[in-house]
Amino acid sequence: MEYKQIVDNIKMIASTLPPNVLLEAAAKTRSVDQVRAAIEAGVSIFGYNYVQEAESVKTHIETNVHWHMIGHLQKNKVKKAVQLFDMIETIDSLKLAQLVDRECVKEGRSMDALVEINSGREAKKTGLFPDDVESLVRAASNLSNIRITGLMTMGPWVENPEELRPYFRETKKVFDHIAALNLPNVLMTHLSMGMSDSYRIAIEEGATIVRLGTILFGPRS
Ligand SMILES: *Cc1c(COP(=O)(O)O)cnc(C)c1O
């Protein structure tokens, strides 16, 4: 889509979201110009799947927006990620949380992070199985420079987005369970779930961040 079309389109979609739901642009493959259009439309969170791509776009953006890592974070990219991102949504092991914490100590900053849940319990997908979330969050709560502020899930690939509802619902259950533990240094604020074809369902099931790409910018070429 062209600049003007993106601005109008995003404003229209944003106006339909409940006030407690944050719109995150999943910006993979989008040009700097398209990102600028999203900023003009009021988007303030940009999610990237790769450290490198976020870096190359961010150098061209002067506006103060928030940059989120939404792809699998490789351990050898942690240092760069800590320098670039405001939030990492894809913490899926204690080891990774520790590495992020250690880099944050070196950089003299702290990092908000979400734990990624493999809600479909798929063997080849990233993210923790729902039953493993509590022990990771408990352990991560002892780290000084990373703070768990919620959960993120993708859900399995399904034919009909309605089939994602049980996975979103289970992720929300885990979210509520962790919140009720009242762990120190853990703030269950964000539940990041839902993409272009499923965000309405995700919102019905409790999402507070929706990650939208196609519906904002048009299909990826
Ligand atoms: C690409 C992507 C999205 C958005 O997908 P669309 O179907 O284009 O809305 C959301 N989350 C993640 C992790 C992505 O990689």
Side-chain angles (χ1 to χ4, degrees), residues 1 5-7 9-14 16-17 21-32 34-35 37-39 41-58 65-74 77 81 84-93 96 112-122 124-128 149-165 167-168 171-172 175 190-221:
M1 275 192 249
Q5 204 183 347
I6 292 174
V7 175
N9 183 51
I10 294 181
K11 280 185 178 169
M12 195 264 290
I13 291 162
T16 69
L17 298 178
V21 174
L22 297 169
L23 195 175
E24 171 174 4
K28 58 176 173 278
T29 77
R30 308 304 176 175
S31 67
V32 170
Q34 288 177 308
V35 168
I39 292 172
V43 174
S44 62
I45 308 174
F46 290 84
Y48 280 90
N49 299 68
Y50 297 103
V51 171
Q52 203 109 48
E53 189 180 10
E55 184 180 27
S56 68
V57 174
K58 194 180 175 186
V65 292
H66 294 269
W67 304 86
H68 288 197
M69 179 60 175
I70 61 174
H72 180 62
L73 179 56
Q74 292 173 277
K77 298 281 168 61
L84 276 171
F85 291 108
D86 300 288
M87 183 186 284
I88 294 170
E89 297 196 20
T90 48
I91 297 295
D92 65 354
S93 69
L96 184 58
D112 284 353
L114 309 184
V115 174
E116 183 182 357
I117 313 301
N118 180 352
S119 52
R121 294 179 171 81
E122 295 169 283
K124 285 184 181 144
K125 275 259 183 79
T126 55
L128 287 180
T149 58
L151 306 181
M152 179 272 212
T153 197
M154 293 274 286
W157 190 88
V158 293
E159 197 77 50
N160 174 354
E162 185 60 40
E163 295 170 51
L164 283 167
R165 190 182 293 280
Y167 302 101
F168 292 154
T171 305
K172 170 72 159 107
F175 180 89
H190 302 296
L191 183 52
S192 174
M193 53 188 198
M195 317 201 325
S196 289
D197 56 358
S198 60
Y199 73 101
R200 290 170 195 284
I201 295 161
I203 290 169
E204 285 170 8
E205 298 301 332
T208 68
I209 300 177
V210 291
R211 305 180 310 269
L212 307 181
T214 310
I215 200 177
L216 302 185
F217 300 105
R220 285 179 289 275
S221 45

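Note that ligands are numbered from 1 as they come in the structure, with each ligand's atoms numbered from 1 the same way.
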Side-chain touch I209/V21, heavy atoms, less than 4.5 angstrom: no
Atoms in ligand 1 with a heavy atom of T214 nearer than 4.0 Å: 6 (P), 7 (O), 8 (O), 9 (O)
K172 side chain vs A202 backbone, donor-acceptor pair below 3.5 Å: no
Donor-acceptor pair between E89 and S192 side chains, under 3.5 angstrom: yes
Could you list the donor-acceptor pairs under 3.5 angstrom formed by side chains in residues 48-55, with sequence neighbours left out?
residue: E53; atom: OE2; partner: T29; partner atom: N; Å: 2.6
residue: E55; atom: OE2; partner: K80; partner atom: NZ; Å: 2.9

Protein contact to atom 9 (O) of ligand 1 [nearest heavy atom, distance to 0.1 Å]: S196 OG, 2.5 Å
Candidate with minimal heavy-atom separation from atom 2 (C) of ligand 1, of H72, K28, M195: K28
Side-chain (T214) to main-chain (S196) donor-acceptor, under 3.5 angstrom: no
Part of A26 within contact of ligand 1 (heavy atoms, under 4.0 Å): side chain
Sub-4.0 Å heavy-atom approach of N49 to ligand 1: yes
Atom 11 (N) of ligand 1: the protein heavy-atom neighbour that sits closest, reported with distance to 0.1 Å: R211 NE, 2.9 Å
Shortest protein contact, atom 13 (C) of ligand 1 (heavy atom only): M154 SD, 3.3 Å
Close approach of R220 to ligand 1, heavy atoms, under 4.0 angstrom: yes
Any N/O pair G213/ligand 1 closer than 3.5 Å: yes
Salt bridge (Lys or Arg N to Asp or Glu O under 4.0 Å) contacts in which one or both residues fall within residues 207-221, not counting sequence neighbours: none
Pairwise side-chain contact, L191 with M193, heavy-atom cut-off 4.5 Å (strictly under): yes
